[in-house]
Amino acid sequence: MRYRPLGRTGLTVSEIGFGCASYWGLARFDESQALGLVHRALDLGVTLFDTAPGYSRGEAEPRLGRALKGRDTANLVIATKAGTFHAGGGRTGRDFSSAAITASVEASLKRLGLERLSLVQLHGPGVGELTDDLFEALERLRARGLVAAFGANSFDAEVIGAVIAAPVFDVVMLDYNVLRPERGPLIAQAARMGKGVLAGMPLAMGHVDGQIRKVRGLRDLWYAARALKNHRAEVVAAERFSFLRQIEGMSAAQASLAYVLENPGVSAAVTGTTRRAHLEANAAASGMVLPDQVRARLRAAQGG
Ligand SMILES: NC(=O)c1ccc[n+]([C@@H]2O[C@H](COP(=O)([O-])OP(=O)(O)OC[C@H]3O[C@@H](n4cnc5c(N)ncnc54)[C@H](OP(=O)(O)O)[C@@H]3O)[C@@H](O)[C@H]2O)c1
């Protein structure tokens, strides 16, 4: 596993992070398998774990806490979010007031069993929610020693630009994968400003690998249903990249990760998985280099 600085935070992260979200966090996914994946990730040298209070109906964060119990977390970067939460019945609530963000961080520390969070990211804020009052609350949390670094997770270019420009933020998490080359200039801008960049959804939620057609069990049905409900455009767009499934010595997922990581502004690619073989393949992608002809085909498929 290779490691990169997380911008100017002084933190170092494994190039491949583990996303503690989605099906991984749900109670219906076997607890010992879920914890086993985190432990295997640690064995493979993964040091970045990304979660949120609202992920997996509120189950992901406490599950990550259980997985880390008794482990040495000193060199890990445990990242969570604030501003959204599970509001019951599968609905997501949102509150970016300074009081709510402060309470959210305090509750996350308890659920994760930590005294200090490496990174807290605002989860999908609007530009209008990035107020001076909120920034002061974040600085107070930092001054109390509860949080080492702050960031924001957004897929909206205007918000991402505002986050890059705001001194309170050390990190930005955006959607970057073969379907999103247009994020390149924002990543370069973030890197110039000394911000760490985390690529969420680096596998376009598995669609570069034709995830929706591989129904091997309940979890695949769950991912397919999510795709049909929320991400039809990505499913269709990913078919332009089906040639990634035929590279010798590299799976489509590994090629996708290699694409994301060849951008020097990216600190880490955060992938979610429920399968040990996928986790191991994703970890092995650290250090892989895209063949030149694949990169050329990628550019052509991206239309540039
Ligand atoms: N999705 C969002 O809206 C979002 C938003 C903000 C942040 N994030 C962060 O980004 C992380 C990743 O997001 P994500 O889970 O939506 O997308 P992702 O990591 O791009 O894709 C996960 C999907 O890819 C499959 N997969 C993983 N490794 C694979 C491999 N080697 N080969 C084939 N398929 C593979 C998974 O299925 P298997 O279980 O079968 O491996 C799952 O269906 C999250 O865990 C979270 O920390 C996500």
Side-chain angles (χ1 to χ4, degrees), residues 13 16-26 29-30 33-34 37-38 40-41 44 46 48-56 60-61 63-64 77-81 83-84 92 119 121-125 151-156 159-160 171-180 197-227 229-231 234-235 238 241 244-245 247 250-260 266 268-286 288:
V13 289
I16 306 293
F18 187 90
C20 299
S22 307
Y23 201 87
W24 174 87
L26 291 175
F29 182 53
D30 180 71
Q33 276 191 61
L37 285 164
V38 171
R40 182 68 185 131
L44 292 165
V46 172
L48 170 64
F49 294 85
D50 177 64
T51 192
Y55 279 173
S56 314
E61 208 181 50
R63 177 168 272 182
L64 177 59
V77 172
I78 309 299
T80 193
K81 307 194 179 64
T84 60
T92 299
L119 172 64
Q121 305 200 80
L122 300 184
H123 196 194
N153 172 205
S154 178
F155 304 153
D156 177 319
V159 176
I160 295 168
V171 175
V172 65
M173 183 178 214
L174 41 72
D175 47 340
Y176 185 50
N177 54 51
V178 295
L179 309 183
R180 293 270 185 280
V197 176
L198 298 178
M201 293 198 269
L203 311 178
M205 291 160 290
H207 301 311
V208 279
D209 192 44
Q211 196 265 355
I212 199 157
R213 283 197 224 93
K214 294 187 183 173
V215 178
R216 296 147 290 192
L218 262 188
R219 68 190 86 169
D220 301 311
L221 279 175
W222 185 91
Y223 277 112
R226 179 179 78 167
K229 187 166 166 242
N230 304 326
H231 302 289
E234 282 88 347
V235 175
F241 300 88
L244 294 176
R245 300 168 204 161
I247 308 171
M250 205 185 256
S251 69
Q254 289 174 324
S256 310
L257 291 168
Y259 168 81
V260 167
V266 170
V270 181
T271 63
T273 184
T274 57
R275 289 185 163 92
R276 192 179 162 111
H278 285 172
L279 170 65
E280 290 171 355
N282 295 344
S286 173
M288 282 189 178

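First listed ligand is number 1; within each ligand, the first listed atom is number 1. All of these numbers come straight from a predicted model, not from anything done at the bench. Just the heavy atoms: all of them, side chains too, but no hydrogens, waters or symmetry mates, feed the values below.
For atom 20 (O) of ligand 1, the closest heavy atom belonging to the protein is M205 N, 2.9 Å. With hydrogens left out, the protein atom closest to atom 28 (N) of ligand 1 is N282 ND2, 3.1 Å, a heavy atom. The protein non-hydrogen atom at the shortest distance from atom 5 (C) of ligand 1 is F155 CZ, 3.3 Å. With respect to atom 6 (C) of ligand 1, the closest heavy atom belonging to the protein is N153 OD1, 3.0 Å.
Between Y223 and Y23, the angle of the ring planes lies from 30° to 60°, which puts this pair in the tilted group. Ring planes of F18 and W24: perpendicular class, angle over 60° (limits at 30 and 60°).
Residue-to-ligand polar distances keep D220 apart from ligand 1: every N/O pair is separated by 3.5 Å or more. Considering both main-chain and side-chain atoms, T271 never comes within under 3.5 Å of ligand 1 through any nitrogen or oxygen pair. Residue G272 has at least one nitrogen or oxygen atom sitting less than 3.5 Å from a nitrogen or oxygen atom of ligand 1, judged on distance alone. When only interatomic distances are considered, the shortest N/O to N/O separation between L203 and ligand 1 falls below 3.5 Å. Between R219 and ligand 1, no N or O atom pair is found at a separation short of 3.5 Å. Of the N or O atoms in R226, one or more lie within a sub-3.5 Å distance of an N or O in ligand 1.
Remark: among candidates H123, E280, H278, the nearest residue to atom 38 (P) of ligand 1 is H278, based on non-hydrogen atoms.
Of the inter-residue distances, the one linking R276 atom CZ with R40 atom CZ reads 5.0 Å to the nearest 0.5 angstrom. The distance from atom CD1 of I160 to atom CG of L174, rounded to the nearest 0.5 Å, is 4.5 Å.
Which parts of ligand 1 touch P202 is read off a 4.0 Å heavy-atom cut-off, strictly below it: atoms 20 (O). Near T274, the atoms of ligand 1 lying under 4.0 angstrom from a non-hydrogen atom of the residue are 38 (P), 39 (O), 40 (O), 41 (O). Under a 4.0 Å criterion applied to the non-hydrogen atoms of D50, ligand 1 contributes the atoms 9 (C), 46 (C), 47 (O). The ligand atoms of ligand 1 that sit less than 4.0 angstrom from a heavy atom of G19 are 45 (O), 47 (O). Each of the following atoms of ligand 1 lies closer than 4.0 Å to a heavy atom of A253: 30 (C), 31 (N), 32 (N).
Looking at Y55 against ligand 1, only its side chain comes within 4.0 Å, counting heavy atoms.
In this structure, A204 counts as a contact residue of ligand 1, since one of its heavy atoms falls inside 4.0 Å of the ligand. Proximity of K214 to ligand 1 is not established, as no heavy-atom distance is less than 4.0 Å.
In the model, S56 has no side-chain atom that pairs as donor or acceptor with a side-chain atom of R63 under 3.5 Å.
Using a cut-off of 4.0 Å between Lys/Arg side-chain N and Asp/Glu carboxylate O, R180 and E234 are scored as salt-bridged. A salt bridge between D30 and R219 is absent, with no side-chain N of the basic residue lying under 4.0 Å from a carboxylate O of the acidic one.
Applying the side chain to side chain donor-acceptor pair (under 3.5 Å) criterion to N153, with sequence neighbours excluded, gives no partner residue. Applying the ring-ring contact (aromatic ring centres under 6.0 Å, His included) test to Y259 and every residue at least two apart in sequence or in another chain returns Y176.
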